[in-house]
Amino acid sequence: LFRSETDEQRVACFDLWRNDPALRDNTLIVLASDNGPEPGAGSPGPFRGHKGNLYEGGIREPLIVRWPGHAKAGGVCNVPVIGTDFMPTILDMVGIPVPKQYPGDGVSFTSVLKNPQAEPKQLEDRPIYWHFPQYSNHGAQSPGGAIRYGDYKLIEYFENYKVQLFNLKDDPGEQNDLSATEPAKVKELTDMLHAWRKSVNANMPTPNPNYDPSLHDQWQNWVRPQKK
């Protein structure tokens, strides 16, 4: 199982796997990332944002799975999955039941590996959540959380609890904030996001009594230098 960038060390591992039929036909390979590219180190393509953001450029990454004898070679699927899905998926692949005491919220996605055109209800009809309650050295976006449900995605910022709402089907680049024009959808997704945070006892940021705005400005200039 490889889960990182294919740097020189991992290329050697792939060469070993490719040249050994016993390994090649009996090895599960998963290529994924935990975030989008860093600013200046890659391109998010048509998506907004980068590593450290809750925009699609920061949280949407390609996922490649090779599962000999099971996954359809060359298949492409647009059903979104998330990191918490890996554990139940891999257990499903090897025929081990998910432990009863497992409290996670992941879902196996083996069905779409076998048939990329499948639309399993348990994957299609569920919300996906993100929680990022701290500042990042990869950008100056406020700590926040997000929910994707159907075509819609809502981002909530913890500094002021303002939100942004996007329709990812119509606006994958997240350029058109719908929060002012679709208040019912904002309330629906905000309520779901808050209920989920409560259900998992998510840690939330607290005010810093020693906050110094001048130091904050210095930090912002460090992570995002001003153009001259």
Side-chain angles (χ1 to χ4, degrees), residues 33-61 80-84 104-106 126-228:
S33 175
D34 59 348
N35 46 249
E38 291 190 30
S43 170
F47 304 114
R48 183 178 180 179
H50 47 73
K51 181 177 181 178
N53 281 184
L54 288 169
Y55 294 125
E56 292 295 280
I59 61 176
R60 182 188 291 209
E61 308 86 31
V81 298
I82 195 166
T84 50
D105 51 5
R126 63 161 179 169
I128 297 178
Y129 299 99
W130 292 264
H131 186 61
F132 199 78
Q134 68 274 351
Y135 291 96
S136 165
N137 65 337
H138 299 290
Q141 191 176 49
S142 162
I147 173 175
R148 175 173 176 168
Y149 188 44
D151 294 334
Y152 284 89
K153 175 181 162 189
L154 178 134
I155 303 175
E156 181 181 43
Y157 300 100
F158 295 158
E159 283 186 338
N160 51 25
Y161 288 95
K162 289 184 178 181
V163 300
Q164 291 180 299
L165 178 70
F166 302 101
N167 184 317
L168 296 180
K169 181 179 180 181
D170 298 337
D171 178 29
E174 296 172 296
Q175 299 299 310
N176 184 21
D177 181 4
L178 303 174
S179 59
T181 58
E182 298 196 32
K185 181 60 68 173
V186 168
K187 183 179 188 308
E188 175 192 2
L189 297 186
T190 301
D191 288 349
M192 292 174 67
L193 182 59
H194 290 186
W196 172 78
R197 286 206 302 257
K198 183 176 181 180
S199 72
V200 297
N201 195 28
N203 290 326
M204 295 294 290
T206 56
N208 178 6
N210 299 316
Y211 173 69
D212 184 339
S214 65
L215 295 178
H216 179 266
D217 292 341
Q218 291 179 28
W219 173 80
Q220 281 195 323
N221 290 331
W222 175 69
V223 298
R224 189 168 57 185
Q226 300 298 315
K227 294 182 178 180
K228 295 182 180 179

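What you are looking at is a predicted structure, and each value in this text was computed from that prediction instead of being measured.
Ser142 places a side-chain N or O within 3.5 Å of a backbone atom of Glu159 that can act as its donor or acceptor partner. The main-chain N or O of Gln164 is never found under 3.5 Å from a side-chain atom of Asp177 such that the two would form a donor-acceptor pair. A side-chain donor-acceptor contact under 3.5 Å links Asp171 to the backbone of Gln175.
Annotation: side chain of Pro143 is not in contact with side chain of Gln134 (no heavy-atom distance under 4.5 Å). Using a 4.5 Å heavy-atom cutoff, the side chains of Arg126 and Ile128 are in contact. Residues Pro127 and Tyr129 meet the side-chain proximity criterion, which asks for heavy atoms closer than 4.5 Å.
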Output, in order, the C-alpha distance, side-chain angles, deciding distance and verdict of side chain to side chain contact (heavy atoms under 4.5 Å, CB included) for Ile155 and Tyr55. CA-CA 8 Å; Ile155 303 175; Tyr55 294 125; 3.7 Å; yes

Worked check of side chain to side chain contact (heavy atoms under 4.5 Å, CB included) between Leu154 and Leu193: CA-CA 9 Å; Leu154 178 134; Leu193 182 59; 4.3 Å; yes

Might you work through the side chain to side chain contact (heavy atoms under 4.5 Å, CB included) test for Lys51 and Asn53, ending with a clear yes or no? CA-CA 6 Å; Lys51 181 177 181 178; Asn53 281 184; over 6 Å; no

Test salt bridge (charged side-chain N to carboxylate O under 4.0 Å, His left out) applied to Arg197 and Glu156, step by step: CA-CA 12 Å; Arg197 286 206 302 257; Glu156 181 181 43; 2.9 Å; yes

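In terms of heavy-atom proximity, Leu168 sits nearest to Lys153 at CD1-CB, 3.9 Å. Ser199 approaches Trp196 most closely through the heavy-atom pair OG-O, 2.7 Å. Minimum heavy-atom separation, Leu165 to Leu189: CD1-CD1, 3.8 Å. When every heavy atom of Glu174 is checked against every heavy atom of Glu56, the shortest pair comes out as OE1-N, 2.7 Å. The minimum heavy-atom distance between Pro37 and Gly57, with the atom names listed, is CD-O, 3.7 Å. The two atoms that bring Ile59 and Leu54 nearest to each other are CD1-O, 3.5 Å, heavy atoms only.
By the neighbour-count criterion of 12 heavy atoms within 6.0 Å, atom CG of Asn208 is densely surrounded, having more than that number from other residues, nucleotides or ligands.
To the nearest 0.5 Å, atom OG1 of residue Thr84 and atom CG of residue Asp105 are 4.5 Å apart. The structure places NZ of Lys187 at 15.5 Å from CD of Glu182, a figure rounded to the nearest 0.5 Å. The structure places CG of Leu178 at 8.0 Å from CZ of Phe166, a figure rounded to the nearest 0.5 Å.
When ring centroids are compared, His131 and Phe158 come within the 6.0 Å threshold.
Cation-pi contact between Lys185 and Tyr152: present, with separation from the ring centre below 6.0 Å and deviation from the ring axis of at most 45°.
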